[in-house]
Structures are given as C-alpha cells and as structure tokens.
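Heads up: numbering here begins at 1 and tracks the sequence.
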Amino acid sequence: MERQPRARRLRALAAGAGALVLPAALAFGQPATAQDEGTVVYASDFEDGTVGDWAPRGPVTLAVENGALLTTGRSADWNGPALDLTDHITAGGVYEISLDVRFADGSAGTQLSATVQRDTGGETAYDSLVYQAAVGTDWATLSGEYTIASPADALTFYVESPTIDASYLIDNFQITELAPPGVDPSIPSLKDVVAEDFRFGAAVDPRDLATSNGDLLNKHFNQITAENHMKPDAIQPTEGTFTFDAADELVEHAEANGMEVYGHTFLWHSQVPDWWFTYPAGHPNAGEPLGSSAEDQQIMLDRLEAHIGAIAAHYGDRVWAWDVVNEVISDNAAEVYRNSRWFQIFQGPEYISHAFRIAREQLDAVGATEVKLFINDYGTDNPAKRDNLYNLVADMRANGVPVDGVGHQTHISLNTPLSNIEASIDKFAGLGVLQAVTELDVAIGAPVEGVEFPEYEARIVQQGHYYRDLFAMLRTKDLESVTAWGLHDGRSWLRGFNGTRPLESPLPFDDQLQAKWAYWGIVDPSRLPEIPEEPVPDYARVQVPQAKTAPVIDGDKDKAWKKAATVATEVRVEGSADGATADVSLMWDENAIYALFEVTDPTLDETSANPWEEDSVEVFLNPGNTKQGGYGDADGQYRVNFANVVTLGGNGPEAGAITSAAEVTSTGYTVEIAIALAEGQGAVGAEHGLDLQVNDATDGVRTAAHTWYDPTGQSWSTNKNWGIAELVRKVKTEALPEPV
C-alpha cells in the first residue's frame, strides 16, 4: 500500500461534560500568559513496524502496513483502534490532538470520527474531537483541541466509522500541549485580598485536591465545603454503616494547608438514602414507607441522632460549622415549608427544631461546644422566601432552639439585583445570627450546547463588574465566610445535565484555572474594561386575546379556548432535545390570564424529592413587563405537575393567586391554569413579561426542559429574559413573530 501525500486538514473542537474547548472569546481582553507553539507530549508514527501502545476497541484486527496502522475486521460502528491517553492529558491543560487518516483502497466508507471516552467515578462520557469528517482514500488530517476540567479515571482515544465494514489507516498521531496546566503564581491570592472581611472558600471533592486543581485551591482559598461527600447518602449509605474516607481526605487536606472546613449537611430532602424513610429491619413493616405516627417520628429522630452522633464523634471540632438543615423553605411562598418526606412524616416543621437540638447535644457530648450550627437555603434574595426563612429562624431562637447562623446559598445571575441580596443580609443581621454566603456562583446565561452565543465576550466582562459590585457590598457586611460553589468554571454544577451548557462560566477562574474578569473585579477593579454594548433583544411577543367567556378550570379544553392564541415550547434549555414539549393556549380577562398546556410526554414521573424534577409545567409572569431583573413584588413563578400538584404558586408577595386543573391524556397530559391579575393589569394594551416551560422527568431526574422563549435556564431567578404578552381584544390577522 503506497503512502500518499497529505492533502487536507479536518478540524473540530471537542466539547462535553467536564471536557471543553472554549471559543477564542474566552481570552477576550483578559490577562493571560503568552503561549508558544506547544510541546509534543506523545507521538506515534508506526515506523518501527509495531502497533505500539494501540489496542483494539472491539473484535478488530490491527496491523502495521507500510508505516501506518491498518484496522480491519470491524463488526460495529464503535470498533476501531484505541489509545490510552490517561497519562498524557492533565486537567486544566490545553492540548491539540492530531492524526492522519484515510480509508483503505477498495474499502467502503466515507466518514471517520475521532473521539475520547472519559471515565470518571463510574460514569462514562464521550467527547467528540472530530465528528464524521468526510474522508476518502487520500490522506487527510483530523485535528482538534482538547481539555478536561478535572482529573479522569481513564481517557481512551479511538477512531470509528459509521460504515461498519470499513477498513482504514491512521498515522502520525500526536498530542501537543498548547497551554500547560498551572496556576499563575504572580497574582494576589483571593483569600488574602478579603482576609480582613471573611474566609474565602470553595466547594470541592477529592478530584480537586490533585495536581493543578489542588494548587489553585491552596493558593486562593482558606476554607472548603465538601460538595457531596458529607451529605447523608455519602456518610451513611446503609443504616449503621458510615463511610468517611472521601470526607476525611478533604478534611486532612484542609488541615495540612491551613484551611477551615464548613460542613454540609446533616439533614436534607435530597441525597438521602431510601432506607431513612422506611421501617427498619425487624419491624413488622420492614422496608415499607414510614407513616406519620409518633412511633414513626421517633424512628426518624433516632436515626438522626445516630447519624449526627457518629459525625460528631468522628470530626469533633475539626469542622467549625455545619449546615444542620438545608433547603427546608418552600419555593411556594404560600406553603412556607418544603413538602418533603421529613415534613410529611412529622406533619409539620417540628423536625427542624429537633435537628438543631440533637446537633447541639451530640457535638457538646464530644466537647465540640464551639462548633456553629447553620440553617442554609437558596433564593434568600427573593423577598417572600426571605421572610419565611426569617420568621422560622426568629421563632426557633425565641423558643431556645440553638440556631447560630444563616447560610445564603446565593446561586444568582447577572440580573439578580444586589439590593435584594443586601436586604436579606441586613434583615437577618437584626436577629444577631452569624451569616455566610455558602454556595456562590453568578450565571452568565449561556445557552445549551450547539446554540451560538455571540454575547459571551460581553457577558464575561459584565460578570467582572458584577463581582466587583457584589464583593464591594459583601465586604461591608459582617460575614463569617463566602464560599464559591466550585473551584473553577469547569467544575461548576451549572454546566448542567451531561454538559448541557458548556459555556456557562459562573466562577472567578476559568477551565484552565486562570483568573477571569470576575477575579479582577474582586482584586483590582481598575483593570476592568468597559462592558461592550449588547443589542436590546428582540423579545418574542405574543398577542393574547380577551376571552369572551372565562374557561372553566377543569383540565378540559372547552369552547372558551377556540379563539385563544397558541405558542409552543420549542427552546431547549436543558437535557435532551427530544424531551417533552407543549402547545400552550393563552387568553385573558379583567380578572386573570389563562394558560392551557397540552403536553406531549408518553412517560410521566413524579418520584423526585425536587418538584422541578417532576413532569410539570411552569408559567413565569411579570406584570407590567418591567424586566428589572430578579423578581419584583408582583412577579410570579407557577409550577403544576401532571397530577395537579402546585409546587410553586407565586414568588413576590403581591403575585396573583393560581387556580389549576390537570388531566392525563393518551399522549401526555394537559394543565389548565388561571393566574389572578390585580386591578388594571387585565386591560387591552397592557403588556406583561411572560414565559412558559415544560419539565420532563424520568426516574426521579429532570432529563429535559423546554421554554417558549427564554434560552438561559435562569427564568427561576430573573424576569430579564422572558418574552412579552400583549393583551389585545382579538389577535391581528398577520402572523405572529416566532421566538428567536
């Protein structure tokens, strides 16, 4: 087989959950170290006549012919030559992977793909370096840049073809390190910059302790929170069996590097093993769900005492504070308390006070009398949720419950008003409690993978200004600590399900562990450039006609809906593109705005402890279309699942009340909703901010979410990106504009 000249170069960028190549926009104006042409860290050219480190992926035959590696005998599209990259790719580094390819003479096939299989913690992901490039029998070069944000257990590169019986050759494989992983030693340490104000922490797991990630952690942070490894399911996966290994690794690293540890969490409605809510072995109803009798409640308290007692005995005062309870306030302001299994078994919120008393008793029993006890929740910038949490804490302290502190998670976006965050901190200061920001990140509103995001550069600069203003405010408050929820962007939970949002960048350090404008906003705001102007969005708009007769809210589509306007939820904001969607009919009258969701979803699920992870629909309403960011007093987020369980009935204290009904259909379900309008809001010519969302769930996990307009996935936190509902007497005959 004769060697043929290389004729062309086929290039793509690899992207995936935890593996990413960001666009050139990442470096826009940001301080960065100079890069040379790179260093070759591995090469393979088969000139010695052997396959070397390459191995078959599947039952294929690998042989060297004329100085190239030939693959034959394939029986599936994923079969091909494979190479272990684990020792050649370091988290935080940027690499170019290139190789020459061609099909064998006389072979079928027109496309080849180069992929990296990434295995971490028992989960597998596939990062496409070059996908189905057009290749013939002439040599071509496949090339792409590749980086991983966190260490992987195994990385395997392979070449495959959708043509199963294809045979092909590869040659001149090379990995070039373009930007070595590493932490810039010359910049100020964040922990030192804010040292006079509060501790600066990061949520981490053992992956973050190794190599460059560990260097970043040690340089910039003086407190850690276990992202997952101190939660109930990690500490006590089966009753009576406690597993501290991973948590110990974090605590020992903190102690060895002069860091404090903030514990998270004793009691939560999520990440709790199933056994906790069932009768124990030896009980006549062993394995069955607990009820709400006094006996059942005592089983829960005994388990909580054993759980906290074991943790107290193991760590004592090595952890300076604990989230005793986490996320017990409902997003539905009218409910006050989250309707969790804890709440159901105790038929009320008494379990919260029990948890604090038990925690104090167990810690005191081992001499850890100075360990502080916190209640922690998200959305405390929302006025209604803030007030409900405040009232709970005030009542508990008045009744002698040992609540020492309040944790504000502070998962926010660029549109979250800082005045709301400040108002919450100031309000709780009046109670004399300790306060901490426990899970900080600032989302930039990046769309899902595959959607263009030309605003990226401007948002990264805007984020720098937001961090500047946020930290200027926080440093005037009496806070124990501020903790970023993740070490750097590549470790952020906001990247989403299976890497849904690969460009979401909420933290001060990027995937390559380098300082962003967010960092400089905290450290030296004088370095920030002006925020580039973004065009005003051409918001999607729908004309909503006046109802001649108000519909009966019973889940059926009656005649009243005949003249309604209809829109579709076609904008993917999370998960699978083929997830559940809906056609939504809209009407109004002087009393209410009406929505009828007709959802296509063949499999219905409501098993999650989190209501947003159930098959459900949501309406977001901003009366007056103020788009001021955050949630105003009259703004509402409303969520109803397919069984007509209302899990959100408004956010602002003046938000209109919801009436709903739901019916399961042969193709999914319908939900009919009326949201009350205040006097004057239901009138011809009025405009209201509006968005609509469908959540798709499978086996207790939200696998997709689709909206009518807002592509950011941040509708729950800000009204800034919602569409517009224009109230009209009847819809004009011209076609309505489509969402953009």
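- Side chain of S660 to main chain of A674: no donor-acceptor pair is present (N/O by atom type, distance under 3.5 Å, no hydrogens or angles).
- Heavy-atom contacts from other residues, nucleotides or ligands closer than 6.0 Å to CG of D699 number 12 or fewer.
- Taking the side chain as every heavy atom from C-beta outward, Q693 and V619 never approach each other to under 4.5 Å.
- With a 4.5 Å cut-off on side-chain heavy atoms, H408 and I425 count as touching.
- Y631 pairs by the ring-ring contact (aromatic ring centres under 6.0 Å, His included) definition with W722, not counting sequence neighbours.
- N228 pairs by the side-chain hydrogen bond (donor to acceptor under 3.5 Å, both in side chains) definition with K231, Q271, not counting sequence neighbours.
- Using cut-offs of 30° and 60° for the angle between ring planes, the Y351 and W342 rings count as parallel.
- The shortest side-chain heavy-atom distance between I421 and L470 falls under the 4.5 Å cut-off.
- Take T707 and apply the side-chain hydrogen bond (donor to acceptor under 3.5 Å, both in side chains) test, not counting sequence neighbours, and it matches no residue.
- Taking a cutoff of 4.0 Å between a charged side-chain nitrogen and a carboxylate oxygen, D404 and K372 do not qualify as a salt bridge.
- Taking 4.5 Å as the limit, some side-chain heavy atom of L389 sits within range of a side-chain heavy atom of I375.
- Not a single donor-acceptor pair under 3.5 Å links the side chain of D377 to the backbone N or O of N326.
- Between H229 and P206, the closest side-chain pair of non-hydrogen atoms falls below 4.5 Å.
- N376 has its side chain out of reach of V325: every pair of non-hydrogen atoms, C-beta onward, lies at least 4.5 Å apart.
- Aromatic pair F374/Y262: ring centres closer than 6.0 Å.
- Using a distance-only test at 3.5 Å, with no hydrogens or angles considered, no donor-acceptor pair links the side chain of D696 to the main chain of G579.
- Residues forming a side-chain contact (heavy atoms from CB on, under 4.5 Å) with T607 (at least two apart in sequence, or on another chain): D605.
- D331 meets the salt bridge (charged side-chain N to carboxylate O under 4.0 Å, His left out) test with K385; sequence neighbours excluded.
- Judged by the 6.0 Å distance and 45° axis criteria, R639 is not positioned over the aromatic ring of W716.
- For the pair I352 and L392, the minimum side-chain heavy-atom distance is below 4.5 Å.
- With hydrogens and angles left out, the side-chain atoms of N641 and Y669 include no donor and acceptor closer than 3.5 Å.
- Residues D197 and K477 are not paired through a salt bridge, judged by the lack of any N-O separation under 4.0 Å between the basic side chain and the carboxylate.
- F244 has its ring centre less than 6.0 Å from the ring centre of Y315.
- Using the six-membered ring where Trp is involved, F471 and Y467 have ring planes that are parallel, under 30° apart on the 30 and 60° scheme.
- In terms of modelled atom types and a separation under 3.5 Å, the side chain of R397 and the main chain of V403 share a donor-acceptor contact.
- The closest donor-acceptor contact from the side chain of Q681 to the backbone of A678 lies under 3.5 Å.
- Scanning for side-chain contact (heavy atoms from CB on, under 4.5 Å) contacts around Q298 gives L301, D302, with sequence neighbours left out.
- The side-chain contact (heavy atoms from CB on, under 4.5 Å) check on T712 picks up D710, Q714, N721, with sequence neighbours excluded.
- Judged as a ring-ring contact (aromatic ring centres under 6.0 Å, His included), and not counting sequence neighbours, the contacts of W322 are F266.
- Neither side chain, E305 nor H354, offers a donor N or O lying under 3.5 Å from an acceptor on the other.
- Heavy-atom contacts from other residues, nucleotides or ligands closer than 6.0 Å to CD of E350 number more than 12.
- Residue pairs meeting the ring pair (Phe, Tyr, Trp, His ring centres under 6.0 Å) criterion with at least one partner in residues 644-663, sequence neighbours excluded, do not occur; the list is empty.
- For A254, the side-chain contact (heavy atoms from CB on, under 4.5 Å) partners at least two apart in sequence or on another chain are I224, M259, V261.
- Among residues two or more places apart in sequence or in another chain, the side-chain hydrogen bond (donor to acceptor under 3.5 Å, both in side chains) test is passed with E663 by none.
- Q297 and Q347 are not linked by any side-chain donor-acceptor pair at a separation below 3.5 angstrom, with hydrogens and angles left out of the test.
- Looking at L494 and R501, their side chains never come closer than 4.5 Å, going by heavy atoms from C-beta outward.
- Listed for the E439 side chain is no donor-acceptor partner under 3.5 Å among the backbone atoms of Q409.
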Please list every donor-acceptor pair under 3.5 Å in which a side-chain atom of residues 359-366 meets a protein atom from a residue at least two apart or in another chain.
from : atom 1 : to   : atom 2 : distance (Å)
R360 : NE     : D364 : OD1    : 3.1
R360 : NH1    : V371 : O      : 2.9
R360 : NH2    : D364 : OD1    : 3.3
R360 : NH2    : A368 : O      : 3.1
R360 : NH2    : T369 : O      : 3.4
R360 : NH2    : V371 : O      : 3.2

